[in-house]
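To start, the structure itself, in C-alpha cells.
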Amino acid sequence: MPLSQPVSPQVSKQHKAFLRKLYLAHLMDDDRHNLLSLNKLTGMPRRTLQDAIAAFEDIGISVEFVQEGNRNNAGYYRVVTWGPISSAWVDTHMAEIADLIGITADN
C-alpha cells in the first residue's frame, strides 16, 4: 500500500513492525548508531530495537555490527545491503513512516 494514499488511523502490528525496520535501517545508513544512540533518538525501548534489528533479514536488509574498541557494545551498526528495499524510497518517505510508527521526525 503506497503511503501517499490516505491511511486509516489503525496501522496493523505487522505493518508497524515493518515500518519500524525501515526507519531504523535508514537511521543506521545515514549515521553511525548503536543501541544507546538509537534509543535516545527514537525513544524505542532497547528490547524493541534489538528485536527489530534481529528481524532485518526477514525483509532482506542485511546489517552488521562494526566493533570499535575492546568493549562488546563499543561500535555501531552498518547496513550492508538493503536487499529488495529501495533506500531512496525510504529516504523520501521518512516523515510519513515516522508518523505512522509514532516518532517525531526531526531527521
Measure the CD1-CD distance between Ile53 and Gln50 for me, rounded to the nearest 0.5 Å.
7.5 Å
Applying side chain to side chain contact (heavy atoms under 4.5 Å, CB included) to Ala52 and not counting sequence neighbours gives Arg20, Lys21, Leu24
When the side chains of residues 32-43 are checked against the rest of the protein, which donor-acceptor pairs come out under 3.5 Å, sequence neighbours left out?
| from | atom 1 | to | atom 2 | distance (Å) |
| --- | --- | --- | --- | --- |
| Arg32 | NH1 | Glu68 | OE2 | 3.0 |
| His33 | ND1 | Ser37 | OG | 2.9 |
| Asn34 | OD1 | Leu36 | N | 3.1 |
| Asn34 | OD1 | Ser37 | N | 2.9 |
| Asn34 | OD1 | Ser37 | OG | 3.4 |
| Ser37 | OG | Asn34 | N | 3.0 |
| Ser37 | OG | Asn34 | O | 3.1 |
| Asn39 | ND2 | Met44 | O | 2.7 |
| Thr42 | OG1 | Leu38 | O | 2.7 |
| Thr42 | OG1 | Met44 | N | 3.0 |

Quick one: does Tyr23's side chain get under 4.5 Å of Met28's, heavy atoms only?
no
Parallel under 30°, tilted from 30 to 60°, perpendicular over 60°: which one fits the rings of Trp89 and His93?
parallel
When every non-hydrogen atom of Pro84 is compared with those of Gly60, the smallest separation belongs to CD-CA, 3.9 Å
Looking at every heavy atom in both Ala25 and Trp82, which two are closest together, and how far apart are they?
CB-CH2, 3.5 Å
Value for CD1 (Ile103) from CE (Met94), rounded to nearest 0.5 Å, stands at 8.0 Å
CZ/Phe18 to CG/Leu100 distance, rounded to the nearest 0.5 angstrom?
12.0 Å
Which residue pairs pass the salt bridge (Lys or Arg N to Asp or Glu O under 4.0 Å) test with at least one member in residues 73-95, sequence neighbours excluded?
Glu64-Arg78
Just jot down the side chain to side chain donor-acceptor pair (under 3.5 Å) partners of Asp51, sequence neighbours excluded, or say none.
Arg47
For the residue pair Leu22 and Ile59, what are the closest heavy atoms and their distance?
CD2-CD1, 4.2 Å
Should side-chain heavy atoms under 4.5 Å link Ile, Leu, Val, Met, Phe, Trp and Tyr, which residues sit in the same cluster as Val66?
Tyr76
With sequence neighbours left out, the residues meeting side chain to side chain contact (heavy atoms under 4.5 Å, CB included) with Ser62 are Glu57, Val80, Thr81
